[in-house]
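One structure is given below, encoded as structure tokens.
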Number of protein chains: 2
Amino acid sequence: MASQRGEGETTTTPLEPADRERARAIPEAAVARLAVYLRVLSGMADQGVTAVSSEELSQAAGVNAAKLRKDLSYIGSYGTRGVGYDVEVLVSHIERILGLTRNHSVAVVGIGNLGHALANYGGFPGRGFPVTALFDVDPDLIGVPVGGIPVSHIDDITAVCLEREVSIGVIATPPPAAQSVCDRLVSAGVQCILNFAPVVLQVPDNVEVRKVDLAVEMQILSFHVARRADEAVHNSGGGVSVGNNGLGVDGMVIRP
Amino acid sequence: MASQRGEGETTTTPLEPADRERARAIPEAAVARLAVYLRVLSGMADQGVTAVSSEELSQAAGVNAAKLRKDLSYIGSYGTRGVGYDVEVLVSHIERILGLTRNHSVAVVGIGNLGHALANYGGFPGRGFPVTALFDVDPDLIGVPVGGIPVSHIDDITAVCLEREVSIGVIATPPPAAQSVCDRLVSAGVQCILNFAPVVLQVPDNVEVRKVDLAVEMQILSFHVARRADEAVHNSGGGVSVGNNGLGVDGMVIRP
DNA sequence: CCGACTTTGTGCATGCGTTCACAAGCGGTA
DNA sequence: TACCGCTTGTGAACGCATGCACAAAGTCGG
């Protein structure tokens, strides 16, 4: 499939055979955590930390130390027993496994409030996810630059996506438009979709979809509120202490 | 703990003892899916559908029919064998289990691009999650109404949250401010936090945190791109067909 | 009233992910 | 070189979630 898009492999570092078998076997849940480890490690590297133990890293990432070691073992044995891990080495190996050695061009569809936020979000370009295309149907928006990129009309999606080698499509449209947009992205050869619309997308097997559903997140929180309130009422009716955990309350807040 | 906040239970429907034991036993994964079922069912109800079978509902929700029935069985037996489920009945029971019979007041901290998007997002108020407070540090923003609500200063967070009975705090600040904001929310008695900042928050045990991490989502997609590209290269180098799944490509796109 | 058909609810087996516990391996030290 | 302490890497046990397959329970037609 990559071969369809001209010189797709220019910047890709091919995986070694041993890595390929490993990559196939990495549990989905572990992949998500590896991304978290990567961020923590990058932060450490920026602060000049060169070595780290599984215990330290696991605490910073908010997970069990044993789980962290198992997760890292999925990508190989790059630690030194009795010492720990070299931060730089770990960073580069996780980046390689996650496919971050290649840039992944991102297209955002639906330039409303959320689309604006995504287009302006600084976190993507710096980490290998440059936003290269924006789409909408509103005539007033077409051609207007948002975050430095002019908005294209949704009807040009196939041509633009192919031209700019878009590999990830982000759907930030209202729910009724989501499936249609999804179909167009798939037609344009996009195989990875991040969906913010509260809709269950139907896609072919060869397309990977990830969903971010704010309402669902809220409702899960709501469930826990209800469960706790109920437990509290039935257990003793007493007031549960609410105080903080001793962490300092000092910081400033800066607008994104 | 609810008893601490005056007349907290005014609109709450207390759970029956049988439901309480059930609620305790519902797997986390099932809770997330129940929220999805609820949305699908609500959409059906709006279109006048009154009854639905597990097969239909599961397809619309994108899950296995058996799994759907098991999920529903966690909240009770409200179907009719040989017929299916009554949409209204199912909606009301899921809402009750998820704690949606009570309104959950939401506070958004960090009124940048994302904060604006959240404050204006129409999906919350309609479904029992009214945004009642906004916070930032930027003097130019304080007092300015966003989505109909004036922005308060972060220093007033405790008073405002208590006054408006905020039960869910949303963190949409830059990473460096997230932990500090989190601590303040916790001090203000907020026990549920939805975190958009790419930071691992440290909280006491009695606080529930859910994380939405765009960079992590992107990197998971990147992993799958890399894995597939690699498989394709090593399997045969051939081009995988990309065509759509026969779904119509007809819709319009409207800006949120 | 009865029998055939449909669909739910669930016991059970399977597979995946997490956790434990410990052997293997490395650096430091005498 | 031989020993000691520390940390990694992983085999194995455990627990949770998923999917299957079927009994239970209801409707509908005659």
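The figures here come from the full heavy-atom set of this structure, side chains too, leaving out hydrogens, waters and symmetry mates. Order of the sequence lines sets the chain letters (A, B, ...), proteins ahead of strands, with each chain counted from 1. Quick caveat, the model's predicted, so the values are computed rather than measured.
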(message) Check whether A:Ser222 reaches the backbone of A:Met218 with its side chain - one donor and one acceptor, N or O, closer than 3.5 Å.
(response) no
(request) Would you name the heavy atoms of A:Tyr78 and A:Val89 that are closest together and state the gap between them? (result) CB-CG1, 4.1 Å
(request) Report the residues that fulfil salt bridge (charged side-chain N to carboxylate O under 4.0 Å, His left out) with B:Glu56, sequence neighbours left out, ordered by chain and then residue number. (result) none
(message) At a heavy-atom distance below 4.0 Å, which nucleotide of DNA chain D is the first touched by chain B, and which is the last?
(response) D:dA17 to D:dT27
Using residues 43-50 of chain A as the side-chain source, report each donor-acceptor pair under 3.5 Å to any protein atom, sequence neighbours left out, with the distance given to one decimal.
none

(request) Mind listing the closest non-hydrogen atom pair of B:Val199 and B:Lys211 along with its distance? (result) O-CD, 4.4 Å
(request) Can you check each nucleotide of nucleotides 22-30 of chain C against protein heavy atoms at under 4.0 Å and return B for base, S for sugar-phosphate only, - for none, in 5' to 3' order? (result) --BBBS---
(message) Less than 4.0 angstrom from a charged side-chain N to a carboxylate O is my criterion; do B:Arg210 and B:Glu28 meet it?
(response) yes
(request) Can you sort out the partners of B:Ser105 under side chain to side chain contact (heavy atoms under 4.5 Å, CB included), two or more places apart, ordered by chain and number? (result) B:Thr132, B:Val166
(request) Using a 4.0 Å heavy-atom cut-off across all strands, classify B:Ala66 as base, sugar-phosphate, or nothing. (result) base
(request) Give me the one residue out of B:Leu114, B:Asn195, B:Val212 that meets side-chain contact (heavy atoms from CB on, under 4.5 Å) with B:Ile171. (result) B:Asn195
(message) Using whole Å, what does the distance between atom C1' of nucleotide C:dG9 and atom CD1 of B:Ile75 come to?
(response) 13 Å
(request) Output the residues of residues 57-65 of chain B in contact with DNA chain D, where contact means a heavy atom of the residue under 4.0 Å from an atom of the strand; sort by number or write none. (result) B:Asn64
(message) Can you tell me if B:Ser53 touches the phosphate of C:dT7, counting only side-chain N or O atoms and a distance under 4.0 Å to OP1 or OP2?
(response) no
(request) Please name the pair of heavy atoms, one in B:Ser53 and one in B:Tyr85, separated by the smallest distance, quoted to 0.1 Å. (result) C-CD1, 4.5 Å
(request) To the nearest 10°, let me know how far the axis at one end of the helix from C:dC1-D:dG30 to C:dA30-D:dT1 is tilted from the axis at the other, five pairs an end. (result) 0°
(request) For B:Gly84 and for A:Ala30, find the nucleotide of DNA chain C with the closest heavy atom, then tell me which residue's nucleotide is more 5'. (result) B:Gly84
(message) Tell me which pairs pass salt bridge (charged side-chain N to carboxylate O under 4.0 Å, His left out) where either residue lies in residues 70-95 of chain A, with sequence neighbours left out.
(response) A:Arg33-A:Asp71
Could you list, one pair per line, each protein nitrogen or oxygen that sits under 3.5 Å from a nitrogen or oxygen of nucleotides 12-15 of chain C, together with the distance?
{"residue": "C:dC12", "atom": "N4", "partner": "B:Lys70", "partner atom": "NZ", "Å": "3.4"}

(request) Could I get the full list of side chain to side chain contact (heavy atoms under 4.5 Å, CB included) partners for A:Glu208, not counting sequence neighbours? (result) A:Cys192, B:Leu221, B:His224, B:Arg228
(message) Among B:Asp213, B:Val109, B:Leu118, exactly one meets side-chain contact (heavy atoms from CB on, under 4.5 Å) together with B:Phe196. Which residue is that?
(response) B:Leu118
(request) Output yes when a side-chain donor or acceptor of A:Arg69 lies under 3.5 Å from a complementary backbone atom of A:Ser54, and no otherwise. (result) no
